[in-house]
Amino acid sequence: MRVSAIRAVLIFCVVLLGGCAPRQYADIIAVTDPGYSVSGQSYELVPARQMSPEAQQQLAPIKAELEPALAKLGYTPAQSGRTADVRIEVAYGISGPVTTYTPTSYAWGNSTPGQFFYIPPTSFNTTGWPRAYDETTTYTRSFTLQAFKNTGQTTHSPLWAVSVESKGSVNRIDYLLPAMAKAAVPWLAQSGQSSTVLMPDQNGASK
């Protein structure tokens with residue numbers, strides 16, 4: 001009887017801890033030129049022109065997620081950038097931080113005994129009590145794919161584009177990139193929008 005009770009408590013704790021694990025949510029927006037269709041074009045997958053040289057180092061795990069999906073769509077890898085029919089550009093970055101304040105309690109005021117009043121996030125009340133708010137810092141992590149006709153020009157509109165955006169408290173995006181690329185896969189050369197849960201493979205940075 002005692003063993004069964006202990007086992008039940010352990011199972012409850014495991015379920016509770018699993019249910020409380022933080023999740024990575026992402027919003028996805030995809031747009032495709034109405035007149036475009038994939039018909040065996042060759043492609044080159046490269047960092048966008050505005051990306052730093054270090055972006056090339058992150059391209060391998062992104063390619064691992066995208067290349068099988070591009071093959072299913074009918075794309076074939078080009079022998080070189082010059083011979084590619086389509087240039088697919090990868091861009092990513094972080095914006096922020098944005099800090100928000102959420103009131104957590106009220107405090108006694110001195111003007112009217114027994115009356116509560118809100119403590120503003122940037123001040124103390126007349127008794128000098130500490131601030132009554134929670135401070136949350138959020139970063140926006142963005143991942144974008146844009147496919148262009150490979151004409152050498154930089155001003156034409158993309159054939160299709162997919163944007164994946166995730167907000168969190170970690171000022172990093174490298175550990176999210178494979179998961180963001182995977183989230184973009186169903187929307188390659190499609191139009192629409194959706195929300196999903198990312199599954200990053202990372203120890204420690206999970207928000």
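Heads up: numbering here begins at 1 and tracks the sequence.
The salt bridge (Lys or Arg N to Asp or Glu O under 4.0 Å) contacts involving residues 89-100 comprise Arg49-Glu89, Arg87-Glu89, where partners must be two or more places apart or lie in separate chains. Here side chain to side chain donor-acceptor pair (under 3.5 Å) pairs that include residues 183-196, with residues two or more places apart or in two chains, are Asp27-Ser195.
Residue Ile173 holds its CD1 atom at 6.5 Å from OG of Ser142, rounded to the nearest 0.5 Å. To the nearest 0.5 angstrom, Phe148 atom CZ is 13.0 Å from Glu44 atom CD. Put simply, OG on Ser157 and CD on Gln146 are 9.5 Å apart, with the number rounded to the nearest 0.5 Å. Remark: Asp174 CG to Arg172 CZ distance equals 4.0 Å, nearest 0.5 Å. Atom-to-atom distance recorded for Met180:CE and Ile28:CD1 is 9.0 Å, nearest 0.5 angstrom.
No continuous path of ILVMFWY side-chain contacts below 4.5 Å connects Val31 to Phe143, so the two sit in separate hydrophobic clusters. Residue Leu177 is not grouped with residue Ile29 when hydrophobic side chains (ILVMFWY) are merged at heavy-atom distances under 4.5 angstrom, including chains of intermediate members.
Judged purely by distance below 3.5 Å, without hydrogens or angles, the side chains of Thr138 and Lys167 never pair a donor atom with an acceptor atom.
Residue Asn150 comes nearest to Gly81 through the heavy atom pair ND2-O, 2.8 Å, listed as atom of the first residue, atom of the second, then distance. When all heavy atoms of Ser163 and Thr144 are compared, the pair lying nearest together is OG-OG1, 4.1 Å.
Looking at residues two or more places apart in sequence or on another chain, you find no side chain to side chain donor-acceptor pair (under 3.5 Å) involving Glu135. Checked against side chain to side chain donor-acceptor pair (under 3.5 Å), Gln58 has no partners two or more places apart in sequence or in another chain. With sequence neighbours excluded, the residues forming a side-chain contact (heavy atoms from CB on, under 4.5 Å) with Tyr36 are Thr32, Asp33, Val38, Gln41, Tyr75, Val86, Leu159, Trp160, listed by chain and number.
For the pair Glu165 and Tyr25, the minimum side-chain heavy-atom distance is 4.5 Å or more. Leu176 places a side-chain heavy atom less than 4.5 Å from the side chain of Leu198. Contact of the Pro47 side chain with the Val90 side chain is not registered, since no non-hydrogen atoms from C-beta on lie closer than 4.5 Å.
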- Task: Would you please test Tyr43 and Asp85 for side chain to side chain contact (heavy atoms under 4.5 Å, CB included) and show each step?
- Result: CA-CA 6 Å; Tyr43 74 92; Asp85 298 316; over 6 Å; no

- Verdict with supporting geometry, Val164 and Tyr92, side chain to side chain contact (heavy atoms under 4.5 Å, CB included): CA-CA 9 Å; Val164 182; Tyr92 56 86; over 6 Å; no

- Query: For Val98 and Thr137, what are the C-alpha separation, side-chain angles and deciding distance, and is it a side chain to side chain contact (heavy atoms under 4.5 Å, CB included)?
  - Reply: CA-CA 6 Å; Val98 175; Thr137 300; over 6 Å; no

- Message: The test is side chain to side chain contact (heavy atoms under 4.5 Å, CB included); show your working for Val46 and Ile88 and say whether it passes.
- Response: CA-CA 6 Å; Val46 294; Ile88 302 175; over 6 Å; no

Throw together a table of side-chain donor-acceptor distances under 3.5 angstrom for residues 61-74, partners on residues two or more places apart or in other chains.
none

